[in-house]
Amino acid sequence: MHFYQNHSLLNYNTFGLDVKTKYFFEFYSEEDLKEVLQHNYVRDNPLLVIGQGSNLLFLNDFDGVVLHSAIRGIQVVEETEDAIIIEVGSGVIWDDLVGYCVKQGWSGIENLSLIPGETGAAAIQNIGAYGVEIKDVVQKIKAIRIADGQSSVFEQEECHYAYRESIFKKTLKGQYVVTSVIIRLSREPIFNLSYNHLEKEVLKNGVINLENIRNTIIQVRESKLPDPKILGNAGSFFMNPVVTRAKYEALQSQFPEMPHFFVSEQEEKIPAGWLIEQCGWKGRTIGKVGVHAKQALVLINCGGAKGKEIADLAHQIQQSVAEKFGIALTPEVNFIS
Ligand code: EPU
């Protein structure tokens, strides 16, 4: 394990906030983690488990212990005629995994190309893009219970997955540390190109295959989403709100051009980016923070901002959207104080 005191988190949050944690532990294996969990500092202080910090907003320095997984490695655990099952360390960079699987010809996660973050956090948050969510391929999650260091295995159904949601963000929040994720991929390519204009974009670049899908998605994301190494951000700041059909119909008659996605007979999803743009926020900056000019769902640190400035901007945006549309936006980003 590695241990540091007063450790900078600048490289552990994609907003690029210059904050520190009192204690920082990095673990390299399950055994290592079990040892870390017995440490007095860990038992006596608030605990935060992080990946690459691509969904975190630090409001100040963290007066506690940050735990980071350095469990790496991708292992094939089972092969069948049509599927391949792999165990992936929670510290594996998500996009490295996607790139590796595409090269092997294994399909299922190519639509999740270029999403920042590490595999453990990706599975907890149920990352999603272009019609695919990680829940579609997760088979099991291996984790250690913080209270007593016990190893546990969660089957997919036990993870209670929903849109950007899992049991690890709800009833089991703060109780487990994920050590690896078991993922089931297809050996025969099964393409999912139904999202918006994705198929058209892929065909513009050539034939439909895994590599071309990955490259096209990288291209689309790079054209809309700022590179956190250049402009601090955490991807989508808010979740796309899901509203009742009655609410959707009322809005639709007022704003016929409003984009929307079918959820169920009772509900419709509305892109938060569109709502924010309609309120005039797209491309606006206030001091050191702003709303990205190419995607209004992305809040940016223009350089040297404090977490609180980003939180204030988020609050103003929520107020505008509530006033104009009567919709309460919920942050996708976790606020850490
Ligand atoms: N839109 C606007 N203005 C904007 C942004 C979007 O009008 O400034 C409209 C677009 O025209 C389009 C619709 O909103 O009709 C959807 O936009 P887009 O395809 O860019 O996706 P999104 O709903 O804004 C979601 C995810 C992204 C994911 C994309 C692609 C959430 C909160 N966000 O964004 O995930 O990459 O779909 O599948 O669900 C993330 O979670 O960090 C993230 C980037």
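Only this structure's heavy atoms are used, side chains among them; waters, hydrogens and symmetry mates stay out. Both counts, for ligands and for their atoms, begin at 1 and track the order of listing.
- For ligand 1, the protein residues within 4.0 angstrom (heavy atoms only) are Gly128, Ala129, Tyr130, Tyr163, Arg164, Tyr195, Arg221, Lys224, Gly235, Ser236, Phe238, Met239, Asn240, Pro259, Pro271, Gly273, Trp274, Glu277, Lys282, Gln295, Ala296, Leu297, Glu332.
- The hydrophobic cluster containing Leu47 also contains Tyr41, counting ILVMFWY residues as joined when their side-chain heavy atoms lie under 4.5 angstrom apart, directly or transitively.
- Between Asp95 and Arg221, none of the side-chain N atoms (NZ, or NE/NH1/NH2) sits under 4.0 Å from a carboxylate O, so this pair counts as no salt bridge.
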Apply side-chain hydrogen bond (donor to acceptor under 3.5 Å, both in side chains) to Gln125 and Asn55, showing your working. CA-CA 9 Å; Gln125 283 170 65; Asn55 221 15; 2.6 Å; yes

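- Phe325 pairs by the ring-ring contact (aromatic ring centres under 6.0 Å, His included) definition with Phe255, Trp274, not counting sequence neighbours.
- A salt bridge does not link Asp82 to Arg187: none of the charged nitrogens lies less than 4.0 Å from a carboxylate oxygen.
- At a threshold of 4.0 Å, the pair Glu309-Lys306 does not count as salt-bridged, since none of the basic side-chain nitrogens sits closer than that to a carboxylate oxygen.
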